[in-house]
Participant: 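Below are the structure tokens for one structure; questions will follow.
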Amino acid sequence: MTPVKLAPVYDPKAVEDKCYRFWLDGNYFRAARDPEKETFTIVIPPPNVTGSLHMGHALDNTIQDILIRWKRMAGYDTLWLPGTDHAGIATQIRVEEHLAQEGLSRHDLGREAFLEKVWEWKEEYHGRIVNQLRKLGVSCDWSRERFTMDEGCSKAVREVFVSLYRKGLICRGDYMINWCPRCNTALSDIEVEHKESPGKLVYIRYPMVERDDYIVVATTRPETMLGDTAVAVHPEDDRYRDYIGEKVILPLMEREIPIIADEYVDPTFGTGAVKITPAHDPNDFAIGQRHNLPAPKVIGDDALMTAEAGRYAGMDRDACRKQVVEELRERGLIDKEEEYSHAVGHCQRCNTVIEPFVSRQWFVKMKPLAEPAIKVVKEGRTRFVPERFTRIYLNWLENVRDWCISRQIWWGHRIPAWYCECGEMIVDYEAPQSCPKCGGGELRQDPDVLDTWFSSALWPFSTLGWPEETPDLKHFFPTDVLVTGYDIIYFWVARMIFMSLEFMGEVPFHDVYIHGLVRDHLGRKMSKSLGNGVDPLEIIDQYGADTLRFTLITGQAPGNDQRFRQENVEASRNFANKIWNASRFVFMNLDNYEYQGLLPEKLSRADRWILHRLNETVAEVGRQLDKYELGEAARCIYDFFWSDYCDWYLEWSKLPLTKGEKAEADRVRSVLLYVLEGTLKLLHPFMPFITEEIWQNLPHTSGALVIASWPEPTEQFQYPEAAAEMELLMGIIKFLRNLRSEVNLPPGQKAKVILNPASEKSCKILNEEIEQLQKMTFAEPLLIEKQKPQKALSALVRDVEAYLPLEGLVDLEAEIKRLEKELTELTKDLERTEGKLANEKFIRKAPADVVEKEKRKQKEFTAHQQKLVSRIQELKKLLTAAN
RNA sequence: GCGCGGUUAGCUUAGUGGAAGAGCGCUACCUUGACACGGUAGAGGUCACAGGUUCGAGCCCUGUAUCGCGCACCA
């Protein structure tokens, strides 16, 4: 056969795009929907169409691709469904920023024209994202790609909204929400990030109406006092008990407000008296409802003071704060001010300080939805990996509050509610023709859109066709695993679970694999503002996608953050090159070879050993993948390939390959190929491009690696005896090399070696492998005989003594010192083992195999020790004789 | 305040009960017919600290310190 020539250095650029096209052309990613096969389904966490992918996406998608490629090879009917998310606020902000460069606002364009612009933006960035994903090598079924605002997903959204509304689980009302004055919209609780910031705790005197006294209240937000409608104290608080029911004058507004009693007040904090602003604080809102207090809104949607703020109307909220404090001080109503650190809510998207206030919005009632979602996780029907994230999930759901789902933006799913002039509200799947109450035709649709996460929550089933009962939905739902970062457990994972339970009656996925964040090399979060982000495409361009994937996967332990470091990228690149060159070596040695498969009856000791090791590796990789230990699996393949296959087997093969005996060479070729093939399979999910490229060049394979069969461990290749024998040989070689380097013998220089085996068996093995031993240790001559040369360096491996007799080179004193050091260490080991064996509790309680192992160790150490001692004595005698 | 995670070789880290692993860096040697993105050999670790459980602890339990994260916040 004609051997393939590979370039001496692997060039990903020459391979990757071509290879991806090969997969697409072959339709290998297309889910077959084969009723005979077991399914394995993943839906992609849809990236936002706001911009480009970052390292976190690269990691997330690499993990999914590994799982999907593994299961595909293992014979499952796999579906990895790709798609993107419209990302309401985030995308709208980006487009608005873009317009602002031309001096335009969305209002200049109007709703329709603006939305056209956003669709254009979406098209562009969607294309960019898909391209990036392909560069990474993901094996998604592109024929099933979805978008959260495509027709089907939009239909699912309306279906869910109407259904929940009719069940009374969605309602419209005036409640406390978080308002972002910059984005001009309401937000849900989890879209608010609380940041510790320094502030002032201002103590204000509220004069009493009926007596010449005042009550002092403390606040971090003095400007909200303009909207106070009560002062609350604890009912049991002796200091204020008599005041309850009396009134104070609200300074500046000069309004009388009552002193009320409420359990909520903590008498130990501040002065024990709290100003109550029902329209601007969630706790005050609750108190206001309990006590039927009015709730004047003094800060408006634009973060300016409203008419309710009297003469402060129109002022900016920050300016108003200064003004209020100033005026209070002038009137002597400031008791004191303290430095105070507290958590202030900021908009997750734009970092503006959030204004909590009462507003008419749409809400999802969470309690009835949360309960089943808690139950399924407690019952293990959906399982978090690693397990510790279960608690984060449960914690949130157990304390969840109603979900504000309406957003005052334009980009998103419009709320399917219409209002008639007569005051009637209609919620329906499609726009009603006329008002069912008054028959009027002038219906106005609610201008608001839904929270982006509302549609994302439906993703696992809306993308499979729901609400239609499509074949895909029947076949592939529920999905198997969701792969995502811990930062969106509440936002997304929890919501998918309760929506799926509500509408599908099933969990959306069985496992949730949570990974950590990719940080910069100093451990900081990658961010735009710090400018420390590393662009995955740049790494792919420089090193190749396989390298990036391998770096991310080996740097990763489940649930833990990782640092992205250039050195690790290089290490992975080196590994890719190693694979390439090992394959290159194999291909170079295939002249005049016709592949005939393995011939098990003819295998040599080394052949059996490497097959044994491959078999062990196959088993171990399978075990690790089953546990989602992808990093461990990758490291395991790395070690096997580099240390066992390249460092030992490949070197070992050079002798039979060059000796000129064709039968022997062919046997080695068959093993080289077999093991390479097996490793390529194991490695393919991790490094798909390079493995496919090499696979395509293998002499005897047809078809694509992407759909080759996943290796399973087999009893046929269990050769523990050959493995033990090889370990003896490798041990001897290592020790001899070590001895040579002790005396600085350069590798090329031949030296006499004597091997003195204590057993017949070892003697036989050594004689059989004498040529390899000679070659590997540059021994000439190599003698296997019962001999103990005096002036020599020595080593002991199992029952074989190895000598390097070097008349002129041996420094007796140094050699004695070296051996004595070895003896000290050995003695320590021996003592530990003997200590264990002397402990009768150990003998009684430890498992038999462990005791057995200790006994073996004891025997080995003792023998070794005896030999070392006598060797040292001999050398000492020699030394005295010489002096 | 509550919860979670980290603390292992100079650096980055893997390792959930039976002799401390890897990558990078470092030292010495090597243009050995796949690879210098390489090879060979080596130095380097009381596994944060203190107790406890166990025949046996880096690993399990209880504290402490320290760093990070999340949640909740009492104005």
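Throughout, protein chains are lettered first and strands after them, A, B, ... in sequence-line order, and every chain is numbered starting at 1.
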Participant: When you check the phosphate oxygens OP1 and OP2 of G70(B), does a side-chain N or O of Tyr490(A) lie under 4.0 Å from one of them?
Facilitator: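 Negative; the distance criterion is not met.
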
Participant: If a stem is a run of at least 3 consecutive Watson-Crick or G-U pairs, both distances under 3.5 Å, which stems include RNA chain B?
Facilitator: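 Only these stems qualify: B:1-7 with B:65-71, B:10-13 with B:21-24, B:26-30 with B:38-42, B:48-52 with B:60-64.
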
Participant: OP1, OP2 of A41(B) versus side-chain N and O of Arg737(A): anything below 4.0 Å?
Facilitator: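 So the side-chain polar atoms of Arg737(A) do come within 4.0 Å of the phosphate oxygens OP1 or OP2 of A41(B), strictly under.
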
Participant: Tell me whether the side-chain N/O atoms of Asn589(A) come closer than 4.0 Å to OP1 or OP2 in G33(B).
Facilitator: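 So the side chain of Asn589(A) is outside the cut-off, no N or O lying under 4.0 Å from OP1 or OP2 of G33(B).
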
Participant: Rounding to an integer number of angstrom, what distance separates G5(B) and G15(B) when you compare their P atoms?
Facilitator: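 Between the two P atoms, the distance is 14 Å.
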
Participant: Between Lys525(A) and G68(B), does any side-chain N or O lie under 4.0 Å from OP1 or OP2?
Facilitator: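 No, no such contact exists.
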
Participant: Taking the six-membered ring for Trp, are Phe357(A) and His280(A) parallel (under 30°), tilted (30 to 60°) or perpendicular (over 60°)?
Facilitator: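 Ring orientation, 0 to 90° scale: perpendicular.
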
Participant: Is there a side-chain contact between Lys855(A) and Val851(A) (heavy atoms, below 4.5 Å)?
Facilitator: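 Of all side-chain heavy-atom pairs linking Val851(A) with Lys855(A), at least one is under 4.5 Å.
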
Participant: Counting only side-chain heavy atoms from C-beta out, which of A34(B), A75(B), C73(B) sits nearest to Leu201(A)?
Facilitator: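 The answer is A75(B).
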
Participant: Which residue lies toward the 5' end of RNA chain B, Thr271(A) or Val850(A), if each is placed at its nearest nucleotide?
Facilitator: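 Mapping each residue to its closest nucleotide by heavy atoms, the 5'-most match is Val850(A).
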
Participant: If you compare every side-chain N and O of Asn574(A) against the phosphate oxygens of G38(B) (OP1, OP2), does one of them come in below 4.0 Å?
Facilitator: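 Looking at the OP1 and OP2 atoms of G38(B), one of them is under 4.0 Å from a side-chain N or O of Asn574(A).
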
Participant: I want to verify a distance call: between A14(B), A41(B), C71(B), whose nearest atom is closest to the Ser741(A) side chain?
Facilitator: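 Closest of the options to the side chain of Ser741(A): A41(B).
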
Participant: Give the nucleotide from the list A72(B), A19(B), A41(B) with an atom nearest to the side chain of Lys857(A).
Facilitator: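 Given the options A72(B), A19(B), A41(B), the side chain of Lys857(A) is closest to A19(B).
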
Participant: Taking the side chain from Ser527(A) and the backbone from Leu530(A), do they hold a donor-acceptor pair closer than 3.5 Å?
Facilitator: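 It does hold such a pair.
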
Participant: Which nucleotide in the set A34(B), A14(B), U12(B) lies at the smallest distance from any side-chain heavy atom of Arg635(A)?
Facilitator: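 Looking only at heavy atoms from C-beta outward on Arg635(A), the closest nucleotide is A14(B).
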
Participant: Just checking Tyr628(A) against Tyr513(A), ring centres under 6.0 Å apart?
Facilitator: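 Tyr628(A) vs Tyr513(A): aromatic centres under 6.0 Å.
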
Participant: When the C1' atoms of G56(B) and G17(B) are compared, how many Å lie between them, rounded to an integer?
Facilitator: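 Taking atom C1' in both G17(B) and G56(B), they lie 8 Å apart.
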
Participant: Between Arg391(A) and G3(B), does any side-chain N or O lie under 4.0 Å from OP1 or OP2?
Facilitator: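 No.
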
Participant: Identify, residue by residue, the members of residues 641-653 of chain A with a heavy atom below 4.0 Å from RNA chain B, and return them in order of residue number, or none.
Facilitator: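 Trp642(A), Cys646(A), Asp647(A), Leu650(A), Glu651(A) - these, ordered by number, are the residues of the stretch whose heavy atoms sit under 4.0 Å from the strand.
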
Participant: Quick one: does Arg584(A) reach the base of C35(B) with a side-chain donor-acceptor pair under 3.5 Å?
Facilitator: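 When only heavy-atom distances are counted, Arg584(A) does not reach the base of C35(B) through any donor-acceptor pair under 3.5 Å.
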
Participant: In whole angstrom, give me the gap between the P atoms of C49(B) and C24(B).
Facilitator: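 Nearest-Å result for C49(B) against C24(B) at atom P: 28 Å.
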
Participant: What distance do Lys525(A) atom NZ and Arg519(A) atom CZ have between them, rounded to the nearest 0.5 Å?
Facilitator: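 Here the interatomic distance stands at 7.0 Å.
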
Participant: When you compare G52(B) with U46(B), how far apart are their P atoms, in angstrom units rounded to a whole number?
Facilitator: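 Those two atoms are separated by 23 Å.
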
Participant: Sticking with atom C1', work out how far G58(B) lies from A9(B), rounded to a whole angstrom.
Facilitator: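 So the two C1' atoms sit 14 Å from each other.
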
Participant: Which value, in whole Å, describes the distance between the C1' atoms of nucleotides U27(B) and G10(B)?
Facilitator: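 Result for the C1' pair: 14 Å, nearest Å.
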
Participant: Choose from A75(B), C30(B), A19(B) the nucleotide whose nearest atom is closest to any side-chain atom of Pro747(A).
Facilitator: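 My answer, after comparing the listed nucleotides, is C30(B).
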
Participant: Want to settle it: does Asp829(A) or Ala571(A) sit nearer the 5' end of RNA chain B, counting the closest nucleotide to each?
Facilitator: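 Result: Asp829(A).
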
Participant: Think Lys578(A) has a side-chain N or O under 4.0 angstrom from the OP1 or OP2 of G38(B)?
Facilitator: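 For G38(B), neither OP1 nor OP2 has a side-chain N or O of Lys578(A) closer than 4.0 Å.
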
Participant: For Arg740(A) and A41(B), is the shortest distance between a side-chain N/O and OP1 or OP2 below 4.0 Å?
Facilitator: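 Looking at the OP1 and OP2 atoms of A41(B), neither is under 4.0 Å from any side-chain N or O of Arg740(A).
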
Participant: Tell me whether the side-chain N/O atoms of Asn738(A) come closer than 4.0 Å to OP1 or OP2 in G42(B).
Facilitator: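 For Asn738(A), the contact criterion (side-chain N or O under 4.0 Å from OP1 or OP2 of G42(B)) is met.
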
Participant: Check this for me: Glu567(A), atom CD, are more than 12 non-hydrogen atoms of other residues, nucleotides or ligands nearer than 6.0 Å?
Facilitator: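 Above 12, so yes.
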
